[in-house]
There are 2 protein chains.
Amino acid sequence: MLGQAPPERSDAARNRLKIIDAAVRLLAEHGAEQLSLDEVARAAGVGVGTVYRRFGDRSGLLLALIDERERRFQESFLSGPPPLGPGGGASAAERVTAFLHALVDRITEQEKLFLLLERSGRYTSPYSVHHTHLAVLLAELVPGADAHFLADVLLAPLNANLLCLRGYDTARVKAGLDDLVRRLTPRG
Amino acid sequence: MLGQAPPERSDAARNRLKIIDAAVRLLAEHGAEQLSLDEVARAAGVGVGTVYRRFGDRSGLLLALIDERERRFQESFLSGPPPLGPGGGASAAERVTAFLHALVDRITEQEKLFLLLERSGRYTSPYSVHHTHLAVLLAELVPGADAHFLADVLLAPLNANLLCLRGYDTARVKAGLDDLVRRLTPRG
DNA sequence: AACCTAACCGGAGAAGTCTCCGTTTACAAG
DNA sequence: CTTGTAAACGGAGACTTCTCCGGTTAGGTT
């Protein structure tokens with residue numbers, strides 16, 4: 001029952017774009033590690049206060065930088081072609097595996113950003129979407145298990161921290177996950 | 001082949017204790033969230049520089065605050081009585097389960113500290129010990145699997161973030177882990 | 001006891017995140 | 001075009017984490 005939010009004012013929209021642009025540019029130039037919001041504000045030609053009003057805090061900005069690709073990713077498993085998306089052609093096991101593989105690639109693709117985002121320590125809305133999706137598949141795939149918890153278990157190791165900092169390559173992670181899913185699936 | 005470190009000077013030792021004391025006290029008073037090292041230094045009656053030389057950085061201090069209990073915990077699974085510790089009386093499956101349960105309790109016990117520590121984002125030496133221990137047990141329990149990766153998978157969901165922030169109680173987590181281990185174990 | 005020096009001390013200050021609030025601006029209504 | 005006002009602006013400054021370095025001290029040596 002929320003009333004609909006008032007439309008964004010033109011100066012606000014303009015500044016939001018300037019900020020995102022500046023952030024992307026600085027990211028490409030200096031790397032993610034030393035992306036200071038002060039600097040972003042300066043490069044965008046706005047005050048720091050503006051950055052914070054637009055994006056709430058550091059992780060809000062990082063989330064915005066991740067958003068476009070994330071939206072494409074979510075579309076691909078929510079409404080794209082099988083085996084990632086729904087549609088008769090894929091079993092639950094195939095979809096789980098495809099989803100986990102895609103998520104590994106997804107995180108690797110923007111690993112520096114995910115790394116910073118994880119440091120901020122709050123659960124993000126992308127996480128919720130991934131979790132819900134996976135839980136639904138797991139409820140079908142592993143009957144009798146606590147699907148919500150199991151989804152958290154499978155998502156937990158897929159963080160940039162583990163993927164970047166512990167020396168796993170993506171092939172090994174994918175193989176490990178495949179093996180895990182195979183063992184979890186009841187054999188008939 | 002490191003030469004042995006020179007013994008700690010008496011003023012350094014005294015200050016280290018004062019800092020730990022002050023940190024523990026402030027932790028009890030104001031909670032972990034707002035534990036600033038500046039304040040710790042002031043409460044301990046030393047300069048900030050001293051805190052940083054002693055402990056390296058924020059997470060170094062947090063690690064020191066965790067250290068005593070962690071040492072007891074490690075003793076209990078490395079050389080304590082079964083099923084947690086070694087000794088003929090427990091199967092690998094029992095030891096894995098016992099270890100995971102104990103680790104859930106261990107983290108819950110100092111969850112606020114672990115939460116802050118995880119934010120710092122580096123893998124800690126306790127993690128390495130837990131990981132090695134678990135990997136050895138899993139190599140026996142789940143032959144043919146990538147035991148090191150599997151150990152990371154099982155440890156990943158056991159973080160304060162998940163345990164505190166997602167509304168699981170310890171009973172549910174333990175039950176979920178038990179079920180998971182059961183499903184992973186090859187049936188004869 | 002006086003001396004030497006490696007190790008330690010402490011606080012000023014750099015750099016970053018985020019807040020507060022007085023000023024400015026977009027835009028809808030008259 | 002004027003006016004009213006809700007929203008947006010921006011930068012000073014509070015608060016952190018962490019570094020740097022000139023001054024101090026513990027404790028072995030002579």
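Order of the sequence lines fixes the chain letters, A, B, ..., with proteins taken first and strands second; residue numbering starts at 1 for each chain.
- Residues of residues 48-59 of chain A that place a heavy atom closer than 4.0 Å to DNA chain D, in numerical order, are V48(A), G49(A), T50(A), R53(A), R54(A).
- At a threshold of 4.0 Å, the pair R106(A)-E111(A) does not count as salt-bridged, since none of the basic side-chain nitrogens sits closer than that to a carboxylate oxygen.
- For E68(B), the CD atom counts as loosely surrounded, since its 6.0 Å shell holds 12 or fewer non-hydrogen atoms of other residues, nucleotides or ligands.
- Under the 4.0 Å criterion applied to side-chain N and carboxylate O atoms, R16(A) and D21(A) are not assigned as salt-bridge partners.
- Among the atoms of the strands shown, base atoms are found under 4.0 Å from some heavy atom of D38(B).
- Relative ring orientation between F77(B) and H133(B) is described as tilted, the plane-to-plane angle lying within the 30° to 60° band.
- If you check the side chains of Y123(A) and N161(B), you find no donor sitting under 3.5 Å from an acceptor.
- E118(B) contributes a side-chain N or O that, together with a main-chain N or O of A160(B), makes up a donor-acceptor pair within less than 3.5 Å.
- An OP1 or OP2 oxygen of dC9(D) is reached within less than 4.0 angstrom by a side-chain nitrogen or oxygen of N15(A).
- If you find the closest nucleotide of DNA chain D to R42(B) and to R14(B), the one lying nearer the 5' end belongs to R42(B).
- At a cut-off of 3.5 Å, with distance as the only test, no side-chain donor of D38(B) or S36(B) sits close to an acceptor on the other residue.
- Residue L35(A) is in sugar-phosphate contact alone, with no base atom involved, counting any heavy-atom pair closer than 4.0 Å across all strands shown.
- Rounded to an integer number of Å, the gap from CG of L37(B) to C1' of dC15(D) is 13 Å.
- Minimum atom distance to the side chain of R9(B) is reached by dA26(D), of the listed dA26(D), dT16(D), dA7(D).
- A straight line from CD of E33(B) to C1' of dT16(D) spans 15 Å, rounded to a whole angstrom.
- The aromatic rings of Y127(B) and H131(B) sit parallel, their planes meeting at an angle under 30°, below the 60° perpendicular limit.
- Nucleotides of DNA chain C lying under 4.0 Å from heavy atoms of chain A occupy a range whose first and last members, 5' to 3', are dG16(C) to dC27(C).
- Of the possible donor and acceptor atoms, none in the side chain of T97(B) sits under 3.5 Å from a partner among the backbone N and O of E94(B).
- Toward the 5′ end of DNA chain D lies the nearest nucleotide of S36(B), the other residue of the pair S36(B) and E8(B) mapping further downstream.
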